[in-house]
Amino acid sequence: MLASLQLALDKRKQEGLLRQRRLLDSPQAEHIVANNQPYLSFCSNDYLGLANHPKLIASMQQAVGDSGVGSGASNLITGHHRYHDDLEKQLAKFVGLPAALLFSTGYMANIGVLGALLGRGDAIFADRLNHACLNDGGYYSLAEFNRFAHSDVMALENLLKASSAKHKLIAVDAVFSMDGDIAPLAEYLELCEKYDAYLYVDDAHGFGVLGEHGEGSLNHLKLKSPRIIMMATLGKAAGVAGAFVAGEQVVIDYLIQTAKSYVYSTPAPPALSATLSTSIRLIAHGDVLRRHLHHLIAYFKNNLNCKKWTLMSSETSIQPLLVGGNQEALALSEYLQTCGILVPAIRPPTVPLGSARLRISISAAHSLDDVKKLLAAIHQAENVL
Ligand SMILES: *Cc1c(COP(=O)(O)O)cnc(C)c1O
């Protein structure tokens, strides 16, 4: 086995697919120290710049003081602290759904929810570009797993029409993590009504950023229905770690009993929940941050003048620059790095073959000057590469 592992790694390297971890020696922020070098970073999902926010640091220090560092047991034994409970209630209220449940990570939430709500005889309908953990959740559930072309409402309707499954669930990213575009959730909800299906929305990249006060994609699109179950992560715009699922009370009650990644796992430390409670308040009062962020996004889109590579159609923090080849994308990323700017090259299998890209991620922590530096470096790269 070891020899075949080495062979597979060598092959990845030859194909320009070997991934490397950068060693970070600073907090996650717009200016970071990685591999002992200072960089301007357009890499993180910390869209509001909260990961190193002084109020959150103070909040965590205080909460560690009065709740300790560990949860000690699963929620159903003795691990369910008041900080966890308060945060769940706060999150439900914030997103305007009856109840919410915390998970340690978004990955565990998706696997847990799909595995609990669906089984043999049921069917999941998933966008081809969904995040990997929705696929894993689908396989894990044992339900029939149908994938449809990216945001193709007609293709989805045809699948739903042909399905005789007992329970049907449409599971999609709200904002696609490598494309930045928003799913046609209103159309999906109409299909749910028509075909008695439910809608599972993974809002990892919309929560905190979209919506009237950062409530996320559902609020942004003004969608409300008992057919909706939403998931959002708390390690991206919320700046900390974890995830929550929100929906009808009966859904949450059922998940508490049956979602295995919830039942058989130790919850994140209570201090993390206390910190997140502060983070949710900052998000709710973060209109100034969001205005600044959307101004930077618009500035970047309006001022990028690039012929070699195509900026994909996105209104969100995720601004992918489509390059095509793996080595080419890598070369562009490496060129920017020589300019002191970090932007990750995203390659297959994360994105489809031949669509390697730079995933530029803009944060409210950036200044207009940071964005101007990025634009100048891309324009320079176009002449050099
Ligand atoms: C990041 C991400 C997840 C996983 O969330 P974690 O909390 O990082 O495990 C799930 N879905 C989408 C769309 C994501 O981008």
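Just follow the structure's listing: the first ligand is 1, and inside any ligand the first atom is 1.
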Filtering C133, A232, A109 for the heavy atom nearest atom 10 (C) of ligand 1 leaves C133

Aromatic plane relationship, H81 with H84 - under 30° parallel, 30 to 60° tilted, over 60° perpendicular: perpendicular

According to the side chain to side chain donor-acceptor pair (under 3.5 Å) rule, which pairs have a member within residues 32-42, sequence neighbours left out? Y39-Q337

Which of the atoms of ligand 1 are close to H205, meaning less than 4.0 Å from one of its heavy atoms? 14 (C), 15 (O)

The atoms of ligand 1 lying under 4.0 Å from a heavy atom of D173, numbered in the order shown, are 13 (C)

Nearest neighbour in protein (non-hydrogen) for atom 9 (O) of ligand 1: Y107 N, 3.0 Å

For A155, does its backbone N or O pair with a side-chain atom of D152 as donor and acceptor, under 3.5 Å? yes

Among T350, N45, D179, side-chain hydrogen bond (donor to acceptor under 3.5 Å, both in side chains) partner for R359: N45

Anything under 30° is parallel, anything over 60° is perpendicular, the rest tilted; go ahead and classify F42 against H366. parallel

Lys/Arg N to Asp/Glu carboxylate O, R227 vs E248, below 4.0 Å: no

Considering only heavy atoms of S177, which atoms of ligand 1 have at least one such atom less than 4.0 Å away? 15 (O)

Can you tell whether the side chains of E15 and K11 come within less than 4.0 Å, N to carboxylate O? yes

Tell me which protein heavy atom sits closest to atom 11 (N) of ligand 1, plus the residue, atom name and distance to 0.1 Å. D202 OD2, 2.6 Å

Nearest to atom 8 (O) of ligand 1, what protein heavy atom do you find, and at what distance? K236 NZ, 4.3 Å

List the closest protein heavy-atom neighbour of atom 6 (P) of ligand 1: residue, atom name, distance to the nearest 0.1 Å. G106 N, 3.3 Å

Considering non-hydrogen atoms of the protein only, which is the closest contact for atom 5 (O) of ligand 1, and what is the distance? T233 CG2, 3.2 Å

